[in-house]
Amino acid sequence: MLLTAIMLTMMVVCCGGKTSVNNNNQADSTALTDTARYAGLWAEKTAERVVAQFTPTNNGFSVEIGWREEGLAQYEVWTMTAHAVTADSLTYTNGKYVIRRFEHQGDTAFVEETVYTDGTGSFALTTNGDLLWTDLKEEPDNRETLFMRAQFSEEEEKETTTN
């Protein structure tokens, strides 16, 4: 079920117009891409068990990606701040991956294990409007995840944002 998945949060800054890139290969914050292209909820396209949320900030997008296997009392979360490189792509260098373990499914208290804090990767909009996440900390066969715009009902969205 789509809402038994984890939630992702990304933020992107928008000023409209073309993107300019500085010497650090990051877009100038005054010329970032349209926020609406990324902002909101995205669901992993194949199994719909991974959920991402992009939230605009003053300097990019705060991104949170979450995954929970149905029946397991753990929740995996990736967080990062992504910056525009072009109008159709974002990059990050501060990726954090944690696993939150609950004693029982449905508990609110958990123990958090940090897997890494030095993740790098990118997000790119495809020609058909999907979002491709490339996680460079993963093995080559597991680096890419394709997302589509999430279509949650009000009840499902409420459940997703409270987990």
Side-chain angles (χ1 to χ4, degrees), residues 1-68 75-98 116-163:
M1 181 173 183
L2 217 137
L3 291 178
T4 59
I6 296 185
M7 186 174 147
L8 307 171
T9 305
M10 284 184 83
M11 298 187 162
V12 177
V13 171
C14 168
C15 295
K18 294 186 177 183
T19 303
S20 62
V21 177
N22 62 25
N23 291 336
N24 294 327
N25 204 26
Q26 288 185 343
D28 181 345
S29 63
T30 62
L32 294 178
T33 191
D34 181 15
T35 302
R37 296 181 76 196
Y38 296 95
L41 294 172
W42 296 80
E44 186 262 331
K45 197 164 184 172
T46 305
E48 298 180 358
R49 286 187 271 167
V50 179
V51 178
Q53 184 170 356
F54 288 68
T55 306
T57 65
N58 290 336
N59 63 349
F61 284 97
S62 173
V63 180
E64 184 175 321
I65 300 170
W67 178 76
R68 176 177 33 225
Y75 181 72
E76 297 180 41
V77 181
W78 293 260
T79 58
M80 66 281 291
T81 300
H83 304 278
V85 176
T86 69
D88 294 328
S89 66
L90 308 171
T91 188
Y92 65 91
T93 57
N94 65 341
K96 181 178 179 180
Y97 171 41
V98 299
Y116 61 75
T117 59
D118 61 348
T120 60
S122 63
F123 298 92
L125 291 171
T126 65
T127 56
N128 63 351
D130 291 334
L131 182 69
L132 180 65
W133 174 30
T134 303
D135 180 356
L136 297 176
K137 285 292 278 189
E138 290 291 332
E139 295 298 320
D141 291 344
N142 295 322
R143 285 187 177 171
E144 295 183 341
T145 303
L146 190 62
F147 292 92
M148 62 185 174
R149 282 280 180 194
Q151 301 297 320
F152 293 117
S153 70
E154 257 185 58
E155 184 176 308
E156 289 174 323
E157 187 169 343
K158 187 175 182 181
E159 180 183 324
T160 300
T161 58
T162 58
N163 284 336

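Every value quoted in this text rests on a predicted model; they were computed, and no experiment measured them. If you read the sequence from its start, that first residue is 1, and numbering goes on from there. The analysis underlying the following values was restricted to heavy atoms, covering all of them including side chains, and did not include hydrogens, waters or symmetry mates.
- In this structure, the separation between CG on Leu90 and CZ on Arg37 is 9.5 Å, given to the nearest 0.5 Å.
- The backbone N or O of Ala84 sits nowhere less than 3.5 Å from a side-chain atom of Thr91 that would complete a donor-acceptor pair.
- Proximity of a side-chain donor or acceptor of Arg143 to a complementary backbone N or O of Glu138 within less than 3.5 Å is detected.
- Side chains of Tyr92 and His83 form no contact here, defined as non-hydrogen atoms less than 4.5 Å apart.
- Under the rule for a salt bridge (Lys or Arg N to Asp or Glu O under 4.0 Å), the partners of Asp118 that lie at least two apart in sequence or sit in another chain are Lys137.
- Judged as a side chain to side chain contact (heavy atoms under 4.5 Å, CB included), and not counting sequence neighbours, the contacts of Lys45 are Asn128, Asp130, Leu146, Met148.
- Leu132 contributes atom CG, which lies 8.0 Å from atom OG1 of Thr145 (distance to the nearest 0.5 angstrom).
- Every residue two or more places apart in sequence or in another chain that forms a side chain to side chain contact (heavy atoms under 4.5 Å, CB included) with Thr46 is listed here: Glu44.
- When every heavy atom of Thr81 is checked against every heavy atom of Asn94, the shortest pair comes out as N-OD1, 3.0 Å.
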Take Trp78 and Trp133 through the test side-chain contact (heavy atoms from CB on, under 4.5 Å) and record every step on the way to the result. CA-CA 12 Å; Trp78 293 260; Trp133 174 30; 3.8 Å; yes
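- Note: Thr79 OG1 to Tyr97 OH = 12.0 Å, rounded to the nearest 0.5 Å.
- Applying the side chain to side chain contact (heavy atoms under 4.5 Å, CB included) test to Thr120 and every residue at least two apart in sequence or in another chain returns Thr93, Leu136.
- Considering all non-hydrogen atoms of both residues, Tyr38 and Ser89 come closest at OH-N, 3.1 Å.
- Across all non-hydrogen atoms, the minimal contact from Ala52 to Phe147 is CB-CE2, 4.0 Å.
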